[in-house]
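Beneath this line is the structure, given in structure tokens, with notes to follow.
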Amino acid sequence: LFKAAEHTYSRQEQQVLFEAMSQTKKYRAELAAEFDRRFQEIFERRITSQRGAGLSHSMELRLEELALVDDNAVEEQLIISQLARKTKNTIDPDQLLGIRARFGHLLATDLLDDEVNPISPEAVLEALKLACDRVPGDHAVKTALLSAFQPYIAAGIVCYLVSL
């Protein structure tokens with residue numbers, strides 16, 4: 001965050017980055033604990049949904065379950081998608097395929113899509129976003145935190161793959 005703040009010429013962007021740095025220092029333990037908790041929830045939900053996918057193919061959509069999507073939610077999803085794509089571009093495609101194949105084998109399926117892969121960049125970033133939501137600050141500060149953590153996600157996924 002400090003390096004990014006040094007290299008920007010925008011005073012407003014520097015302020016956001018310094019605020020993100022301050023919040024990270026202040027809430028480091030809470031961020032780590034919340035990330036761990038959220039990642040475990042997402043991991044279990046994705047595995048459970050993949051196992052249950054073979055059991056029930058007929059999901060009925062009810063009108064009362066439909067809702068309008070908040071513009072901020074759409075923007076956050078776009079940010080997650082961009083960061084996930086950036087993460088995937090830094091991981092060797094063969095390693096990504098290996099992750100999908102290994103988890104697919106463990107879940108008795110050929111290959112996992114990223115939407116159900118429990119250790120996909122999308123899953124990790126979703127957990128990180130939920131952890132960052134617990135930190136006080138505006139949307140720009142939380143986006144700066146996500147962007148700052150993004151380079152470490154690819155390395156973490158690859159390390160996890162090697163440990164399997």
Side-chain angles (χ1 to χ4, degrees), residues 1 4 20 24 27-28 30-135 137-164:
L1 288 168
T24 302
Y27 295 99
R28 182 182 183 138
E30 290 90 344
L31 270 169
E34 186 68 12
F35 172 79
D36 289 345
R37 188 175 73 76
R38 294 299 188 144
F39 183 73
Q40 185 175 10
E41 287 174 2
I42 291 165
F43 188 93
E44 289 174 9
R45 182 184 72 222
R46 287 179 174 218
I47 287 180
T48 302
S49 71
Q50 182 61 30
R51 286 183 181 153
L55 300 176
S56 98
H57 287 295
S58 62
M59 289 187 61
E60 188 176 313
L61 183 63
R62 291 185 224 130
L63 187 58
E64 58 270 5
E65 293 175 356
L66 297 177
L68 294 176
V69 179
D70 181 24
D71 287 342
N72 288 336
V74 172
E75 184 179 342
E76 288 173 355
Q77 191 55 47
L78 286 172
I79 291 167
I80 296 291
S81 296
Q82 289 171 343
L83 293 173
R85 187 173 40 256
K86 191 174 181 181
T87 301
K88 288 178 193 176
N89 288 339
T90 62
I91 300 175
D92 181 359
D94 290 336
Q95 288 180 321
L96 280 175
L97 184 62
I99 292 170
R100 290 183 191 138
R102 285 181 183 182
F103 270 94
H105 179 73
L106 290 173
L107 297 172
T109 186
D110 291 335
L111 198 63
L112 289 178
D113 290 330
D114 288 333
E115 296 81 35
V116 292
N117 183 348
I119 61 165
S120 69
E122 289 84 358
V124 176
L125 283 160
E126 181 183 347
L128 186 57
K129 182 229 171 274
L130 292 170
C132 288
D133 283 347
R134 301 281 300 214
V135 174
D138 63 7
H139 178 69
V141 169
K142 294 173 185 185
T143 301
L145 285 173
L146 284 172
S147 297
F149 288 127
Q150 182 278 324
Y152 303 100
I153 293 171
I157 290 172
V158 171
C159 285
Y160 185 78
L161 173 66
V162 170
S163 71
L164 289 178

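All heavy atoms count here, side chains included; hydrogens, waters and symmetry mates do not. Remember, it's a predicted structure, so these values are computed and weren't measured experimentally.
- Every residue two or more places apart in sequence or in another chain that forms a salt bridge (charged side-chain N to carboxylate O under 4.0 Å, His left out) with R38 is listed here: E34, E41.
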Show the atom names and distances, to 0.1 Å, of all donor-acceptor pairs under 3.5 Å that link a side chain in residues 141-156 to residues at least two apart or in another chain.
residue, atom, partner, partner atom, Å
K142, NZ, D133, O, 3.3
K142, NZ, V135, O, 3.4
T143, OG1, H139, O, 2.9
S147, OG, T143, O, 3.1
Q150, NE2, T87, OG1, 2.8

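- Under the salt bridge (charged side-chain N to carboxylate O under 4.0 Å, His left out) criterion, the residue pairs touching residues 76-85 are E76-K129, with sequence neighbours excluded.
- Under the side chain to side chain donor-acceptor pair (under 3.5 Å) criterion, E44 pairs with Q40, not counting sequence neighbours.
- For CZ of R37, the number of neighbouring non-hydrogen atoms (other residues, nucleotides, ligands) closer than 6.0 Å is greater than 12.
- Annotation: side chain to side chain donor-acceptor pair (under 3.5 Å) contacts of Q82 (sequence neighbours excluded): none.
- Not counting sequence neighbours, the partners of S120 by the side chain to side chain donor-acceptor pair (under 3.5 Å) test are R46, E122.
- At least one side-chain heavy atom of F39 sits under 4.5 Å from a side-chain heavy atom of I119.
- Partners of E30 according to the side chain to side chain donor-acceptor pair (under 3.5 Å) rule, which considers only residues two or more places apart in sequence or in another chain, do not exist here.
- The side-chain contact (heavy atoms from CB on, under 4.5 Å) test applied to Q77 returns I80, S81, not counting sequence neighbours.
- Shown here for A131 and L31, the closest heavy-atom pair between the two residues is O-CD2, 3.6 Å.
- For NZ of K88, the number of neighbouring non-hydrogen atoms (other residues, nucleotides, ligands) closer than 6.0 Å is greater than 12.
- Once rounded to the nearest 0.5 Å, the distance linking CG of D113 with CZ of R100 reads 7.5 Å.
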